[in-house]
Participant: 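After the structure tokens below, expect a handful of questions from me.
Starting from 1, each residue takes its place in the sequence as its number.
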Amino acid sequence: MTLSLADLALYAGALFILFITPGPVWLAMLARTLSGGTRAAVPLALGVVAGDVMWSLLAVLGVSWVVSVFGGVMAALKLVAVVLFAGMGVLLIRHAGRTIAADSRLTRPGAWAGFMAGLAAILGNPKAILFYI
């Protein structure tokens with residue numbers, strides 16, 4: 001399989017749209033940057049990159065096989081996504097008054113904590129896996 005320049009441009013454009021759409025990674029980056037500055041945000045960004053690589057590999061290696069074998073998987077994934085997004089919305093509304101400092105897992109100092117926060121933010125982001133699917 002070969003990729004043309006147009007294919008790469010389309011993929012890069014889709015990644016850019018995914019990047020500018022706010023989500024949990026944006027919240028994590030903002031929280032980490034505001035609490036510890038740029039040096040604290042770099043490990044989180046590296047964790048996000050590692051998570052994106054994992055999602056793309058899972059999408060290529062796993063989901064394509066599952067969909068080819070089980071036709072109803074995409075419908076089930078859509079329902080899971082709806083429930084997940086609705087749950088995230090309810091939790092966001094319920095905890096709208098909480099400050100960033102109320103949950104220190106995103107702002108804990110240290111490179112390893114930042115990397116793991118970035119990895120958790122991207123792996124827990126349903127928008128990312130749905131994009132790769």
Side-chain angles (χ1 to χ4, degrees):
M1 181 174 129
T2 60
L3 293 174
S4 69
L5 189 57
D7 293 333
L8 290 174
L10 182 64
Y11 181 70
L15 274 178
F16 179 73
I17 291 170
L18 180 69
F19 173 73
I20 63 172
T21 307
V25 173
W26 275 46
L27 177 66
M29 286 296 288
L30 285 173
R32 193 98 177 138
T33 304
L34 291 174
S35 70
T38 306
R39 293 187 85 186
V42 169
L44 185 124
L46 293 174
V48 169
V49 168
D52 268 334
V53 169
M54 289 172 65
W55 273 137
S56 61
L57 287 174
L58 285 173
V60 168
L61 299 175
V63 177
S64 59
W65 173 79
V66 171
V67 171
S68 70
V69 174
F70 305 104
V73 169
M74 289 308 289
L77 285 176
K78 287 178 188 177
L79 290 175
V80 168
V82 166
V83 170
L84 194 60
F85 284 133
M88 287 171 63
V90 168
L91 289 173
L92 185 64
I93 291 169
R94 282 187 52 212
H95 300 292
R98 290 177 64 185
T99 63
I100 291 174
D103 187 4
S104 65
R105 289 178 289 186
L106 290 178
T107 58
R108 187 175 297 137
W112 182 250
F115 179 81
M116 292 307 291
L119 192 61
I122 196 67
L123 291 180
N125 185 358
K127 179 180 71 170
I129 191 58
L130 289 176
F131 168 78
Y132 288 116
I133 289 173

Participant: Step through the shown structure and confirm whether more than 12 heavy atoms of other residues, nucleotides or ligands are within 6.0 Å of CG on Leu5.
Facilitator: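 Open: at most 12 neighbouring heavy atoms sit under 6.0 Å from CG of Leu5.
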Participant: Restricting to non-hydrogen atoms, name the atom on Gly47 and the atom on Ile122 that form the minimum distance, rounded to 0.1 Å.
Facilitator: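 Here Gly47 and Ile122 meet closest at O-CG2, 4.1 Å.
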Participant: Between Leu119 and Met54, is any pair of side-chain heavy atoms under 4.5 Å apart?
Facilitator: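 Sidechains of Met54 and Leu119: in contact.
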Participant: Where do Ala121 and Ala28 come nearest, in terms of heavy atoms and distance?
Facilitator: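 Smallest heavy-atom distance, with atoms named: CB-CB, 4.1 Å.
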Participant: Do Trp112 and Met29 share a hydrophobic cluster, counting only Ile, Leu, Val, Met, Phe, Trp and Tyr and linking them when any side-chain heavy atoms are less than 4.5 Å apart?
Facilitator: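 Yes, one cluster joins them.
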Participant: Locate the shortest heavy-atom distance separating Ala111 from Pro43; write the atom from each residue and the value.
Facilitator: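 Closest heavy-atom pair between Ala111 and Pro43: O-CB, 3.3 Å.
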Participant: Taking all non-hydrogen atoms of both residues into account, name the closest pair between Thr33 and Ala41 and its distance.
Facilitator: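 In this case the closest contact between Thr33 and Ala41 is OG1-CB, 3.3 Å.
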Participant: Roughly how far, to the nearest 0.5 Å, is the CZ atom of Arg32 from the OG1 atom of Thr38?
Facilitator: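 Answer rounded to 0.5 Å: 12.0 Å.
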